[in-house]
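Only one structure is covered here, and it is reproduced in the block below.
Heavy-atom basis, side chains included; hydrogens, waters and symmetry copies ignored.
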Amino acid sequence: MDNNSIAKILYEVGEYLEMQEVPFKPRAYEKVAQVIESLEEPVLEIYKKGGLKAVEEIQGVGLSIAEKIEELLKTGKLKYYDQLKKKTPVNLSELSKIEGLGPKGIKKLYQKLGIKDMADLEKAAKAGKIGKLAGFGPKSEENILKGIGFAKSFGGRFLIGSVMPGIRQIQNRLRGLNNVKRVEVAGSTRRRKETIGDADFLVISDKPKEIMDYFVAMPEVLKVLAHGDTKSSVKLRNGMNADLRVLPEESYGAALNYFTGSKTHNVALRQIAIKKGLTLSEYGLFKGTAEKRGKLIAGKTEEEIYEALGMDYIEPEMREMTGEIEASLRQAQGKPNGLPKLIKYGEIKGDLQIQTNWTDGENSIEEMAEAAIKDGLEYIAITDHTKRLAMTNGLDEKRILKQMAEIDALNLKLKTKNLKLRILKGSECDILKDGSMDLPDSILSKLDVVGASVHSLFNLPQKEQTARIVRAMRNPNVDILFHPTGRILQRREPYAVDMDEIIKVAKETGTILEINASERADLKDEYIKKCVEAGVKMAIDSDSHTANHFSSIEYGIAQARRGWAEKKDIINAWPVEKMLSFLKK
DNA sequence: GCCGTTTTCGGCCCGACTGTTTTCAGTCG
């Protein structure tokens, strides 16, 4: 049993206990689930090496939960969980996806109406049964229906950050096989979309059968959907489909291009080919028409295909038909407004949003610093929450001053150890209802980096919400607007905010807009592109709450690349002094 | 159920909003 599966069950145990109004235990289970979810080492390994004792060493795990984990690892089941589930046999993970619906509501709906899953819920809501229930009303019913629509519209897609490690594992194992020359992942994974539907593996090999047999027998495979000579398709245990195609070397580039998409991008390329009297397919670029196919002109690499079409190579992240075809043609013809030189993976030097155990993070400042060094970062800003966010134990004036002193001491310590990392003093300061800040300017002005965040009142009308944020941006101590639209992928829609106005004010005030690399993925690509065009600078932050979250910066870079951003647009791709001198004074 | 340079027992889970009520339960960050 893997970490995610263990975490899922522990989350559900917490929710079931919440239903029964058991005090404190739900938090305990939830905390452990969070820790296990972000653990790098499989719990199974920890248990194998050190037994129950080692499992108890995991943050937040005591004897009772350790024994439950042991039971899960040994039997794949948990009696305690099964008992809880028997009392309220509902599809928790499905129902709790619906925003505004929590354990108590789920319990009531089950007891009064026998609702077990989303289908039951939708039926009851549409029949007007929920609005008549005590404690619910017409508004709740409407919200539930909206929530169902929201959950459905993302059905079957997976957050790239959550499935990428597994995809890479498969890719690496395929690469290690005999008779395999190359393995790439195409599709939306290669375009680095925020969410991906399935994984398309492309393999060059002379011995396709061996590869196919291996692929369908992998431990991740739940069900084999197809098992052929050059194409196989499986459903993985995480619910995602994966395809594998084996290709001949000479058409590899064409196939990679074809299977990478996007579809509309491919159609545009084929139209350009036709105008030149050529035909483009997954097998290559040929002379003549599809019916009367002539000689193969290009196909081995993507580069030679674009070149033969009179274009410059277009990075996969840009292949969304948002002007990349025209830009590529202009570039190849030596005209202005060509393709951007996208920021590269690995070019981020610092991370400007990090939470620690001073608030809702799991690790100390020092542990975060050590992890940052390991990840090759040159600087990090500690940006814990502020007091309004009481649930996170947000910092007040007194505690943040104390934290600043600790950071000074830590920087000194790093220096004496000859370590290159610089820790910056920062804050993720709440924006209050009227747009004022949760900490006084006398404190904010002492910090190196001040991020401002909306964490409340998501439902303000657009005009009011925009004015509130704009006021915060006009504060001379506010450097960065964190997660500017408030959305969380597959969980929460952005609040109503006029982004054109925000970008305009960002330009005017020199406020940086954040590209949050966590599951928020906020800004989204279209706003990044607008920022680039407007000359508004951005920062790619991991929003790390644990020491192993820095790796998510990669997804922030992917997001930036999809928004056509270059190194010059991203301030934390710059050295620390240059970055700091760009912030508001 | 976990945790401890305040405690091995007694804290932890705060504050505001929403939608439902007519004083408050449920949800969220």
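For the contact set between residues 6-17 of chain A and DNA chain B, defined by any heavy atom under 4.0 Å, there are no members. Within a heavy-atom distance below 4.0 Å of DNA chain B, the residues of residues 54-73 of chain A found are A:G60, A:V61, A:G62, A:L63, A:S64, A:I65, A:K68.
Atom C1' of B:dC3 sits at a distance of 15 Å from the matching atom of B:dC13, rounded to the whole Å. One C1' atom belongs to B:dT21, the other to B:dG26, and the distance between them is 13 Å to the nearest Å. Atom P of B:dT20 sits at a distance of 22 Å from the matching atom of B:dA16, rounded to the whole Å. Of the C1' atoms belonging to B:dG15 and B:dT7, the separation is 27 Å, rounded to the nearest Å.
A:P26 comes within contact range of no nucleotide atom at all, as no heavy-atom separation falls under 4.0 Å. At the heavy-atom level, A:K139 lies under 4.0 Å from the strands shown only through sugar-phosphate atoms. Among the atoms of the strands shown, none is found under 4.0 Å from any heavy atom of A:N393.
Annotation for A:K387: atom NZ counts as buried by contact number, over 12 foreign heavy atoms lying within 6.0 Å. Crowding of A:K129 atom NZ: a count of heavy atoms from other residues, nucleotides or ligands under 6.0 Å not exceeding 12.
Defined by atom type and a distance below 3.5 Å, a donor-acceptor pair is missing between the side-chain atoms of A:D525 and A:Q559.
In this structure, A:Y80 has no ring-ring contact (aromatic ring centres under 6.0 Å, His included) partners at least two apart in sequence or on a different chain.
Here A:S140 does not reach the OP1 or OP2 of B:dT18: none of its side-chain N or O atoms lies under 4.0 Å away. Close to B:dG29, at under 4.0 Å from its OP1 or OP2, lies a side-chain N or O of A:R492.
The CG-P distance, from A:L109 to B:dG26, rounds to 12 Å in whole Å. Between the P atom of B:dC17 and the NE2 atom of A:H455 lies a distance of 16 Å, rounded to the nearest Å. Between the CZ atom of A:R468 and the P atom of B:dC17 there is a distance of 10 Å, rounded to whole Å. A:D430 has its CG atom 13 Å from the C1' atom of B:dC28, to the nearest Å. Between the NZ atom of A:K31 and the C1' atom of B:dC3 there is a distance of 9 Å, given to the nearest Å. Put simply, CZ on A:R27 is 15 Å from P on B:dC2, counting in whole angstrom units. Between the CG atom of A:L389 and the P atom of B:dA16 there is a distance of 12 Å, rounded to whole Å.
Taking the nucleotide of DNA chain B with the nearest heavy atom to each of A:R520 and A:G137, the more 5' of the two is matched to A:G137.
A salt bridge links A:D434 to A:R471: one of the charged nitrogens lies within less than 4.0 Å of a carboxylate oxygen.
Using N1 to N3 plus N6-O4 or O6-N4 for Watson-Crick, or N1-O2 and O6-N3 for G-U wobble, each under 3.5 Å, B:dC3 pairs with B:dG10.
Counting only distance, with no hydrogens or angles, the side chain of A:D430 and the backbone of A:T386 share no donor-acceptor pair below 3.5 Å.
If you run salt bridge (Lys or Arg N to Asp or Glu O under 4.0 Å) between A:E194 and each of A:R520, A:K524, A:R487, only A:R487 comes through.
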